[in-house]
Undergrad: 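So that we are looking at the same thing, I have put the structure below in structure tokens.
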There are 2 protein chains.
Amino acid sequence: MVQEDIANLSLRQLAAGLGVSAAAVYRHFADRDDLLAEVARIGFERLEKQFEDAFDMTCPPADAPEATFRLRRLAEAYLGFADTEPALWRLIFSAQAEPFRGITPPEGCGGSYQYLPAALLGLHQTGIIPTQPNERDALFAWSAIHGAATLRAGLVPGALMPLTELATEVAERVIKSLK
Amino acid sequence: MVQEDIANLSLRQLAAGLGVSAAAVYRHFADRDDLLAEVARIGFERLEKQFEDAFDMTCPPADAPEATFRLRRLAEAYLGFADTEPALWRLIFSAQAEPFRGITPPEGCGGSYQYLPAALLGLHQTGIIPTQPNERDALFAWSAIHGAATLRAGLVPGALMPLTELATEVAERVIKSLK
DNA sequence: GACTTATGTTAACGATGATAACATTTTGAC
DNA sequence: GTCAAAATGTTATCATCGTTAACATAAGTC
């Protein structure tokens with residue numbers, strides 16, 4: 001687990017830690033922002049991996065409980081990441097990492113941005129929510145989960161609730177909001 | 001509107017902008033973090049003022065529409081701040097400002113932390129939501145609004161929806177999630 | 001073997017946050 | 001009004017930081 005905020009990482013300290021001169025870093029990264037962007041990229045990949053593990057995209061959910069379960073697991077992956085790697089989480093979703101444009105824009109909603117809509121669609125397909133989920137539904141669901149994760153990564157750390165419980169609750173409430 | 005990210009503010013540049021030496025700043029602030037904390041504090045006060053203006057605490061809502069309206073206005077204030085002052089918003093809710101403990105802890109839920117619970121209570125009192133809202137209800141509502149604001153202040157700027165529309169929608173969905 | 005590429009080095013530059021030592025103004029008590 | 005103290009500013013200096021330049025060396029290619 002990354003402890004201190006990565007954004008405060010000193011390029012020189014990092015280099016020293018690697019037993020290498022500061023200038024050597026510039027053989028691999030254009031500048032500090034580029035380095036942070038790479039760290040963010042790798043962190044994001046790990047998050048994506050969590051999504052992938054949590055969520056089987058290959059087949060639609062068999063029944064309503066499974067569809068619910070999928071959303072819950074997705075929320076758990078999202079929240080869990082914010083919980084166990086708050087500093088990395090903050091970096092990924094910070095303006096610092098913004099130079100790395102690969103993360104930020106949900107243009108075609110590919111990559112990681114597919115899971116949540118897919119989860120919502122599964123809820124619809126198994127009859128849990130009445131209407132075909134649209135972009136706004138997805139944005140709200142994302143807001144709720146992202147907000148919970150953000151609060152957990154910062155203002156309201158683990159205190160109030162164990163992770164799985166929170167994930168379950170958030171998923172339930174998101175579903176309720178779509179009914 | 002504060003344009004560039006305040007967290008990147010240089011103490012020296014600031015001092016120069018004020019026509020004063022850099023060292024003079026240290027007569028008023030312990031260090032850079034202290035300065036940022038003060039900026040965050042003032043920003044937070046402005047946000048609180050918005051809440052206050054948006055939300056009349058003196059009397060309970062007269063009827064259901066008014067109770068709904070209050071939550072909507074609250075969401076609008078929250079989202080509006082993230083929308084018009086994204087950099088200041090980010091500073092307030094960033095780890096940078098964390099030294100200023102006055103903002104972060106929702107211990108007694110006084111100050112700004114009273115508005116959202118009060119709004120939810122109003123929804124219950126006017127019969128919109130069936131159960132007396134508890135801390136978890138408030139936390140979820142906060143998550144949803146905070147998440148929407150966070151996304152709007154960063155990853156998903158103003159694009160998808162005009163502000164009032166988004167606020168209305170978020171409020172509606174939050175209410176739905178509590179039914 | 002010569003040339004290119006990748007990767008490292010040291011030395012230096014300017015900007016930054018911070019501190020020390022010193023000067024000046026404001027203020028308040030007597 | 002005097003005068004000491006507090007407040008507020010100054011310049012000089014430091015270590016650190018991101019970054020660049022100039023140079024060295026190892027590995028691989030023709």
Side-chain angles (χ1 to χ4, degrees), chain A residues 1-46 85-105 153-155, chain B residues 1-46 85-105 153-155:
Chain A
M1 164 167 165
V2 183
Q3 199 51 274
E4 209 193 338
D5 246 13
I6 311 174
N8 300 337
L9 183 71
S10 151
L11 197 152
R12 293 178 106 109
Q13 277 180 308
L14 175 83
L18 294 173
V20 107
S21 76
V25 176
Y26 289 84
R27 295 291 167 197
H28 305 271
F29 304 96
D31 52 22
R32 203 187 99 105
D33 276 353
D34 190 39
L35 200 177
L36 286 180
E38 180 63 12
V39 175
R41 202 188 57 75
I42 292 171
F44 196 64
E45 264 179 12
R46 268 174 41 197
E85 308 256 30
L88 186 51
W89 164 272
R90 272 183 242 117
L91 175 69
I92 291 175
F93 291 105
S94 77
Q96 294 278 5
E98 242 180 297
F100 172 56
R101 288 282 158 198
I103 286 182
T104 51
L155 304 190
Chain B
M1 165 167 163
V2 184
Q3 199 51 276
E4 209 194 338
D5 245 14
I6 310 175
N8 299 337
L9 183 70
S10 150
L11 199 151
R12 295 178 104 108
Q13 277 180 310
L14 175 83
L18 294 174
V20 106
S21 77
V25 175
Y26 289 86
R27 295 290 167 199
H28 304 271
F29 304 96
D31 53 22
R32 204 187 99 105
D33 276 353
D34 190 40
L35 201 178
L36 286 181
E38 180 62 14
V39 175
R41 204 187 56 74
I42 293 170
F44 196 64
E45 265 180 12
R46 271 180 31 204
E85 309 255 30
L88 185 52
W89 164 272
R90 272 183 243 118
L91 175 69
I92 291 175
F93 292 105
S94 77
Q96 294 278 5
E98 241 180 299
F100 172 56
R101 290 281 157 198
I103 285 183
T104 51
L155 304 190

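So you know, we letter chains A, B, ... as the sequences are listed, proteins then strands, and number each from 1.
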Undergrad: Only one of A/Asp34, A/Leu35, A/Leu11 forms a side chain to side chain contact (heavy atoms under 4.5 Å, CB included) with A/Tyr26, so which one is it?
TA: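 Going through A/Asp34, A/Leu35, A/Leu11 one by one, the side chain to side chain contact (heavy atoms under 4.5 Å, CB included) with A/Tyr26 is satisfied by A/Leu11 alone.
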Undergrad: Can you tell me how far the CD atom of A/Glu38 sits from the NE2 atom of A/His28, to the nearest 0.5 Å?
TA: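 Result: 12.0 Å between the selected atoms.
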Undergrad: Give B/Leu9 one of three labels, base, sugar-phosphate or nothing, depending on what nucleic acid heavy atoms sit under 4.0 Å from its own.
TA: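 Answer is sugar-phosphate: B/Leu9 comes under 4.0 Å of backbone atoms only.
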Undergrad: Quick check for you: to the nearest 0.5 Å, what is the distance between A/Arg46 atom CZ and A/Ile92 atom CD1?
TA: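 It is 8.0 Å, given to the nearest 0.5 Å.
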Undergrad: Looking only at heavy atoms, which two atoms of B/Ala15 and B/Ala22 are closest? And how far apart?
TA: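 The answer is CB-CA, 3.7 Å.
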Undergrad: Between B/Arg32 (CZ) and C/dT16 (P), how many Å, whole number?
TA: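 So the CZ-P distance, B/Arg32 to C/dT16, works out to 11 Å.
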Undergrad: I'd like the 5' and 3' limits of the part of DNA chain D contacted by chain A, with heavy-atom contacts below 4.0 Å.
TA: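 Listing 5' to 3', DNA chain D meets chain A from D/dC17 to D/dC23.
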Undergrad: Just the rounded figure in Å: distance from C1' of C/dG17 to CG of B/Leu36.
TA: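 Checked: the CG to C1' distance equals 12 Å.
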Undergrad: Kindly state which residues belonging to residues 20-31 of chain B come within less than 4.0 angstrom of DNA chain D, counting heavy atoms of the residue only, listed by number.
TA: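 Heavy-atom contacts with DNA chain D come from B/Val20, B/Ser21, B/Ala23, B/Ala24, B/Arg27, B/His28.
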Undergrad: May I have the distance from B/Asp34 (atom CG) to C/dA18 (atom P), rounded to whole angstrom?
TA: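 Taking CG of B/Asp34 and P of C/dA18, I get 10 Å after rounding.
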Undergrad: Is the backbone N or O of A/Leu9 less than 3.5 Å from a side-chain atom of A/Arg32, with the two atoms forming a donor-acceptor pair by type?
TA: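 At least one qualifying donor-acceptor pair exists.
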Undergrad: Please produce a list of atom pairs where a protein N or O lies less than 3.5 Å from an N or O of nucleotides 12-14 of chain C.
TA:
none

Undergrad: When you check the phosphate oxygens OP1 and OP2 of C/dA15, does a side-chain N or O of B/Gln13 lie under 4.0 Å from one of them?
TA: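 No, B/Gln13 has no side-chain N/O under 4.0 Å of OP1/OP2 on C/dA15.
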Undergrad: Can you check the A/Leu18 CG to C/dT9 P distance for me, whole Å?
TA: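 Atom-to-atom, A/Leu18 to C/dT9, this comes out as 11 Å.
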